[in-house]
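Structure first, then comments.
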Amino acid sequence: MGLSNILSLCGGLGLFLFGMRYMGAGLELAAGPKLNSLLEKLTRNPVMGFALGVLVTAAIQSSSATTIMCMGFLNAGIMDLMQAAGVILGANVGTTMTSVLIALDISGLAPLCIFIGSAMQMFCKKDLQKHIGQIILGFGILFQGLHTMSASMSSLKDMPAFQRFIASVTNPIVGVVVGLLLCAVIQSSSAAVGVLQALAMQELMPIQFAAFLICGINVGSSVTPFLSSIGAKNNTKRAAVIYCVYNVVGMILFVPVTMLTPFVQIYGIVTSDPVVQISMFHITFKLVTALVLLPFVGKLVGISYFFVPKKVHESAYCFAYIDPKQIVAPSVTTRQLYKELERMAGLVRQNFILAAEGMLNHDMSHAEEIRERENVINFLNHGITDYLVEFSGHKLPTHLPQIVANMFHLVGDLERIGDHALNLLEKTEQCVQNNLVYSDEARRELQQIYETDLLLYDRAFSGFLCHNLSEQDALDLHHLEDRVDTLTEKSENNHIARLRAKQCSTQTGIVFVEALHDYERVGDHSNNIVRTARKNAQISGGLRPPVLSTDSL
């Protein structure tokens with residue numbers, strides 16, 4: 001096997017991997033939100049989750065991708081670990097679709113698919129048509145790569161050393177280790193099995209040896225989810241453990257069966273084509289393992305908790321839903337961002353309430369809590385903004401860039417409201433330290449503005465989350481913000497009258513007026529959120545996040 005054959009093999013493998021991932025990415029862009037919606041809504045039952053995992057993975061050609069998608073749902077709080085476990089089992093079965101397509105030997109259509117897919121990518125105007133073209137082009141590139149790989153291996157027929165090695169290897173450990181290393185390098189069990197089928201096309205891969213290699217390949221496929229879980233949330237790591245346990249159990253089941261029984265010889269009775277035999281064994285490995293483990297999904301989850309124990313306390317200075325080290329499917333990432341923004345908005349709301357009521361009651365007991373929470377708000381502000389910048393650099397469905405832009409504006413307004421809450425705390429501290437006391441009338445005015453601000457904030461953010469703020473709702477909220485301005489102006493005038501009547505001191509009055517300006521600015525930023533929420537509601541065909549009540553704030 002000369003240098004040119006090795007280069008052809010590498011090139012063919014590269015085309016195969018690129019085609020598989022390009023095709024899956026095209027399908028995600030064309031139907032990703034629908035696939036994700038199915039995974040989100042229909043996985044309450046592990047059996048249903050299993051079936052969906054099979055279908056989704058058969059479509060996108062990657063069990064690792066489906067597993068990572070589940071990790072995204074886990075981070076977003078949309079799916080629990082029991083649901084994810086069922087989907088992961090199904091994903092492992094669905095990944096065999098690539099080997100089935102290869103066994104059908106439709107590589108002759110590869111040039112035509114490349115031509116049609118390229119033409120659609122270049123000349124179609126609609127995004128959906130471009131995405132379909134990407135799927136077709138990826139399909140053609142995949143099979144063109146397979147053809148190139150197979151052709152590059154033809155010279156191995158003339159290498160007696162290679163033929164003796166294949167014919168004489170009976171040690172299952174060698175096969176498992178070679179398969180594991182092959183998949184760990186390629187990062188795709190589908191592609192690794194495709195390499196075996198390419199060898200089989202040249203009659204260089206007997207099923208007896210391929211069976212051990214497939215056992216190792218499936219264990220090696222666990223590397224990708226583990227790499228994706230590094231530095232991620234604990235449930236994400238547990239999903240990777242479940243994926244790994246599945247394949248290790250399959251290896252434990254099938255290595256002894258292959259060694260001690262004539263099991264693989266049955267495939268020779270069904271078909272003499274070694275490419276089909278490899279596909280059949282791969283399907284058997286995945287399906288039997290899944291059926292064995294499906295009744296024990298709860299045990300799988302328990303095993304994952306054994307390897308990744310539940311922590312008693314997690315630091316607040318971390319993301320609860322997004323993973324800054326990875327961006328998954330756009331629709332999943334968007335849901336994660338909505339959940340993280342909801343968390344940030346809840347922290348801002350808590351601080352505003354505690355600061356405002358502390359001012360009314362001359363109470364500083366929550367000062368440390370407010371400052372600590374403000375630090376977390378600042379952390380989230382910088383972290384979410386950086387994540388949005390990275391996310392916006394990816395290829396996104398047509399409705400998402402505007403949603404991402406809206407999120408940028410929202411984060412800034414939330415952070416500024418948090419700053420004004422901190423300002424209110426500092427003014428309360430001034431009053432307590434200098435024994436400055438507001439009159440009963442001044443406190444009533446502050447409370448009225450505070451309650452109006454809070455109502456405006458809650459309704460504005462709820463409209464942003466739910467994409468349901470109508471034009472009339474927005475107009476009503478703008479009137480509410482006008483009411484804040486009117487109340488603020490009225491309070492300033494009343495304050496001047498109290499000063500003239502010597503009912504309050506100049507120093508107290510200065511702090512009071514500054515507090516009024518903070519309340520007014522909270523109303524302004526809440527009104528900005530109204531505008532952002534209205535833009536969200538106007539986006540047609542976009543991703544609809546789950547309806548969330550302001551109680552969760």
Side-chain angles (χ1 to χ4, degrees), residues 35 38-39 42-71 73-74 79-101 103 176 179-180 183 188-190 192-193 210-226 238-258 261 263-264 266-267 277-304 307:
L35 293 177
L38 280 173
L39 283 171
L42 302 177
T43 53
R44 297 296 172 191
N45 184 304
V47 176
M48 184 63 73
F50 170 79
L52 283 170
V54 172
L55 293 174
V56 171
T57 307
I60 65 176
Q61 300 284 294
S62 174
S63 59
S64 298
T66 305
T67 301
I68 291 169
M69 196 184 301
C70 287
M71 291 175 175
F73 281 126
L74 287 168
M79 182 183 287
D80 60 36
L81 205 55
M82 281 289 288
Q83 293 172 268
V87 176
I88 290 169
L89 295 185
N92 275 279
V93 176
T95 195
T96 61
M97 180 56 67
T98 306
S99 68
V100 172
L101 292 174
V176 170
L180 193 154
C183 190
S188 169
S189 61
S190 298
V193 173
F212 297 128
L213 287 168
I214 289 171
C215 291
I217 284 169
N218 283 298
V219 175
S221 68
S222 305
V223 172
T224 303
F226 269 118
R238 293 180 189 118
V241 169
I242 290 171
Y243 187 94
C244 180
V245 168
Y246 171 98
N247 288 296
V248 170
V249 168
M251 181 188 69
I252 292 171
L253 287 174
F254 278 89
V255 168
V257 169
T258 305
T261 70
F263 173 69
V264 294
I266 297 172
Y267 299 116
Q277 291 174 7
I278 289 172
S279 177
M280 291 174 65
F281 182 83
H282 191 211
I283 294 170
T284 306
F285 178 99
K286 293 289 193 180
L287 186 58
V288 171
T289 306
L291 294 177
V292 168
L293 291 177
L294 194 57
F296 305 102
V297 168
K299 296 291 185 183
L300 278 177
V301 173
I303 291 171
S304 72
F307 286 102

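Keep in mind that this is a model prediction, so the values were computed, not measured.
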message: Testing the basics here: between L293 and L300, what is the closest heavy-atom pair and its distance to 0.1 Å?
response: CB-CD1, 4.3 Å
- request: Quick one: closest heavy-atom pair of I278 and A210, and the distance?
  value: CG1-CB, 3.9 Å
- request: Provide the closest heavy-atom pair for F285 versus C215 in the form atom of the first, atom of the second, distance.
  value: CE1-SG, 3.8 Å
message: For a quick test of reading the model, state the closest non-hydrogen atom pair linking T96 to V93 and the distance between them.
response: OG1-O, 2.7 Å
task: Name the orientation class of the two ring planes belonging to Y267 and F263 (parallel below 30°, tilted from 30 to 60°, perpendicular beyond 60°).
output: perpendicular
field: Interatomic spacing from OH in Y243 to OG in S221 - rounded to 0.5 Å
entry: 3.5 Å
- prompt: Parallel, tilted or perpendicular for F281 and F254, by the 30°/60° rule?
  reply: perpendicular
- request: Could you tell me whether the side chain of T95 and the main chain of N92 form a donor-acceptor pair under 3.5 Å?
  value: no
message: Could you tell me if the side chain of V193 sits less than 4.5 Å from the side chain of I217, heavy atoms only?
response: yes
task: Calculate, to the nearest 0.5 Å, the distance between atoms CE and CD1 belonging to M82 and I242 respectively.
output: 9.0 Å
field: NZ-OG distance between K299 and S304, expressed to the nearest 0.5 angstrom
entry: 13.0 Å
- prompt: How about H282 and N218: do any of their side-chain heavy atoms sit closer than 4.5 Å?
  reply: yes
query: Nearest heavy-atom pair of N247 and K286: which atoms, and what distance?
result: OD1-NZ, 3.1 Å
message: Using the side chain to side chain contact (heavy atoms under 4.5 Å, CB included) definition, which of the options L89, I88, V87 pairs with F50?
response: L89
message: Could you report the tightest heavy-atom contact between C183 and G220, atom names first, then the distance?
response: SG-C, 3.7 Å
